[in-house]
There are 2 protein chains.
Amino acid sequence: MGITIQNIADLAKVSKGTVSRVINGAPGVGAETRKRILKLIEELDYQPNASAQGLASRRSYNIGVIIPHTGSYSMSTTYWPTLLTAITEKAASQDYNVLLSTARSEEDVDSAYRSILKGKRVDGLIVGAEQFGEKQLAKLLLKDFPFVMVGKSTAFSHYYVDVDNVGGARRMTEYLISLGHRKITMLAGPEILPSVQSRVRGFQEAMTKAQLDPGRVIYTTYQAEDAEKTALQILREDPPTALFVAAADLVLGALEAARKLKIRIPEQLALVTFDDHPFYPYLSPSITAVKQPIHELGRAAVEMLFALMAKKPVEKKEILPVEIIVRGSSQPGDAMK
Amino acid sequence: MGITIQNIADLAKVSKGTVSRVINGAPGVGAETRKRILKLIEELDYQPNASAQGLASRRSYNIGVIIPHTGSYSMSTTYWPTLLTAITEKAASQDYNVLLSTARSEEDVDSAYRSILKGKRVDGLIVGAEQFGEKQLAKLLLKDFPFVMVGKSTAFSHYYVDVDNVGGARRMTEYLISLGHRKITMLAGPEILPSVQSRVRGFQEAMTKAQLDPGRVIYTTYQAEDAEKTALQILREDPPTALFVAAADLVLGALEAARKLKIRIPEQLALVTFDDHPFYPYLSPSITAVKQPIHELGRAAVEMLFALMAKKPVEKKEILPVEIIVRGSSQPGDAMK
DNA sequence: CTGAAAGCGCTAACAC
DNA sequence: GTGTTAGCGCTTTCAG
């Protein structure tokens, strides 16, 4: 059936060992011999059997990625798909493939963990931090298995890459203050999430620094209905002049709430958010957002992982800067154009 | 280091062969023995080494997926991420993992093809049809390698799943006609793509059936700038009363063109599109669209692939029905709400 | 119902 | 520089 290293060796009149050296770019093969073997490999379109290589060398040349299940349900952010693309691309540049698992529930996380790690299918792992339970994390740490998290974990301190949540929230808040807003409310995700905590911190730092009331923070879940209900509550009971929607999953809910209460944005309420989206320029009003460098984040994760796998010294974390994109939803002047 | 089948065998006082049978759920093991072995496996958290299994059994329990690179550049559709999720989920339900490759250019396709297929890393392949060149396809066919395409290929006739492009376009056109539109233009993607051809066909069928002028079709590329330029041209030179934007990648360009020409939607122009998006309800106006069953498509692809891998008889194609979602962009009455 | 043994295709250590 | 050889951990006949 398939052509093997032995076939190549026979045809080249050398031993398997020599062919193996050529395949792996190892030294100790004569230039002539090497050329001859390479030619044969090319001609026969020979591809070494990955299982055999893996078994013998204990390396799979795969990395695993565990991210949340991104069905059509919650595609209000391009975060995970974009991240995944960046990871895959960067991995490919180092001849690594990506083995994917998506997790919808706590349970899924565990099965994803098992299936992807099962039998050394991967040499390293990139994991959406919020996706990971303490049990699995502990196991990985125990085994000294190379992995990096995207986003800070709730549980452990480990190698991770993240965006500057604190700085982004702070700067966005400062921007709102500079527009004259004094009463600002933050609609935030679940309080236990580190990303949420960071964004809240940035928000409060800016408010405090401006000697304003520390600002009201209302937590909610990432469920669309919850977000809307909470937003309705905020806007009905104690409406601020600016609403900082601290995550993409909450944006549509907030917009819907404003629409229902016939609150016009930005005239009656400035609305800004964290995490940009290609559609934001086309919503009406267009949405002001903190833009995260998602591609860079993915690349950084892969680089960190490879360094870890190579047992090179690595910084425990890498925090990437974000950008404020000002659009109509925060600027009364522009909204009418 | 890792715990092996031999360890289990020793502890259970049986041979490797028996343990292997248990692992694979093969018959011919006494109930007692089986139970004892399973208990040991559980206790020791034993996971068979995938490479060794792969080498011995010639199966990897991975399927490969090659889809276009979906960076932040073109995230105006949730098609690929959603499809990927559906595939991964369905595969996981059968204990298969997904090995991912994304391709940005023609060249990438080839390297993706090589790297993913390299050395039997996968037992089957799901491929975004438009992503695949004839050379690679021919090779796969030649090797009799199990693969299914998502979408119809330009090149060959092979197993594929797709949505009902013809029917969707036809029904959407009929809907526009029922609203009283007589002059309808379709802004379509590259003419060589089968999906584009099908949508054009559905459009023209409906126009002809209604005894209308067959309708104008203008082709463009999926580049945002091209789409906008082409839309501008249509709307400036010979504006229809309804514009059928036949792909998601063209929508933002069309909207931008209308905005620049100060053409109000839906009052002066009805705009509808193919492929729904979670943001469409929130654009202003909200967008009427043909909704594709992307999750089902992904599941169907996996099912077809597994049938192929099992050498079961399979229909050469499976076409899934689509749905028309009516929103503001096609209904003057609603647009003001 | 279970054991023994021959590979699967490759790597890597050790000879020469 | 190149060949030889012993595994890597599992599956799968073939005996018994």
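Every chain is numbered from 1, with letters handed out A, B, ... down the list of sequences.
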Practice item. Starting from the C-alpha separation in whole Å, work towards a yes-or-no answer on side-chain contact (heavy atoms from CB on, under 4.5 Å) for K120(B) and R58(B). Key: CA-CA 8 Å; K120(B) 316 203 190 314; R58(B) 296 115 220 287; 5.5 Å; no

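- For A56(A), taking side-chain heavy atoms from C-beta onward, the closest of the listed nucleotides dC8(C), dT11(C), dG3(C) is dT11(C).
- Residue G17(A) is in base contact, counting any heavy-atom pair closer than 4.0 Å across all strands shown.
- Taking the side chain of P48(A) as heavy atoms from C-beta on, and the options dC8(D), dC10(C), dC10(D), the nearest nucleotide is dC10(C).
- Following rounding to the nearest Å, I37(A) (CD1) and dT2(D) (P) show an atom-to-atom distance of 8 Å.
- Comparing dT11(C), dC10(D), dA13(C) by their nearest atom to the side chain of R21(A) picks out dA13(C).
- Among the heavy atoms of the strands lying under 4.0 Å from G28(B) is at least one base atom, whether or not backbone atoms are also near.
- With the nearest nucleotide of DNA chain C identified for both S15(B) and S57(B), S15(B) has the one nearer the 5' end.
- Closest to the side chain of Y46(B), out of dC10(C), dC10(D), dG3(C), is dC10(D).
- One atom, CG of D10(A), and another, C1' of dT2(D), lie 15 Å apart when rounded to the nearest Å.
- Contact between the side-chain N/O atoms of T18(B) and the OP1/OP2 oxygens of dT2(C) is not found at any separation under 4.0 Å.
- The residue T4(B) sits close only to the backbone: its heavy atoms come under 4.0 Å of sugar-phosphate atoms, none of a base.
- When the C1' atom of dG1(D) is taken as reference, atom CD of E32(A) falls 13 Å away, rounded to whole Å.
- Here the nucleotide nearest the side chain of R59(A), chosen from dT2(D), dA12(C), dT12(D), is dA12(C).
- The nucleotide whose nearest atom lies closest to any side-chain atom of V29(B) is, among dT2(C), dC10(C), dT11(D), dT2(C).
- Using a 4.0 Å heavy-atom criterion, one finds that S51(B) contacts no nucleic acid atom at all.
- Checking dG9(C), dC1(C), dC10(D) against the side-chain heavy atoms of L55(A) singles out dG9(C) as nearest.
- No side-chain heavy atom of L40(B) sits less than 4.5 Å from a side-chain heavy atom of Y46(B).
- Candidate nucleotides dT2(C), dT2(D), dC10(C) were compared by shortest atom distance to the side chain of Q53(A), and dC10(C) ranks first.
- With rounding to whole Å, K35(B) atom NZ is found 13 Å from dT2(C) atom P.
- As a whole-Å value, the separation of N24(A) CG from dT2(D) C1' is 16 Å.
- Closest to the N49(A) side chain, of the nucleotides dC10(D), dG9(C), dT11(D), is dG9(C).
- For the pair K120(B) NZ and dC8(C) C1', the interatomic distance rounds to 11 Å; values are reported in whole Å.
- Taking the side chain as every heavy atom from C-beta outward, V163(A) and Y79(A) never approach each other to under 4.5 Å.
- Regarding I5(B), its CD1 atom lies at a distance of 18 Å from the P atom of dC8(C), rounded to whole Å.
- Rounded to whole Å, the distance from NZ on K16(B) to C1' on dG3(C) is 11 Å.
- Residues P81(B) and L84(B) are not in side-chain contact: their nearest non-hydrogen atoms beyond the backbone lie 4.5 Å or more apart.
- For the OP1/OP2 pair of dA12(C) and a distance below 4.0 Å, the side-chain nitrogens and oxygens of S20(A) include no atom meeting the criterion.
- The aromatic rings of H158(B) and F147(B) lie parallel to each other, their planes meeting at an angle below 30°, with 60° marking the opposite boundary.
- For the pair E296(A) and R299(A), the salt-bridge criterion is met [side-chain N within less than 4.0 Å of a carboxylate O].
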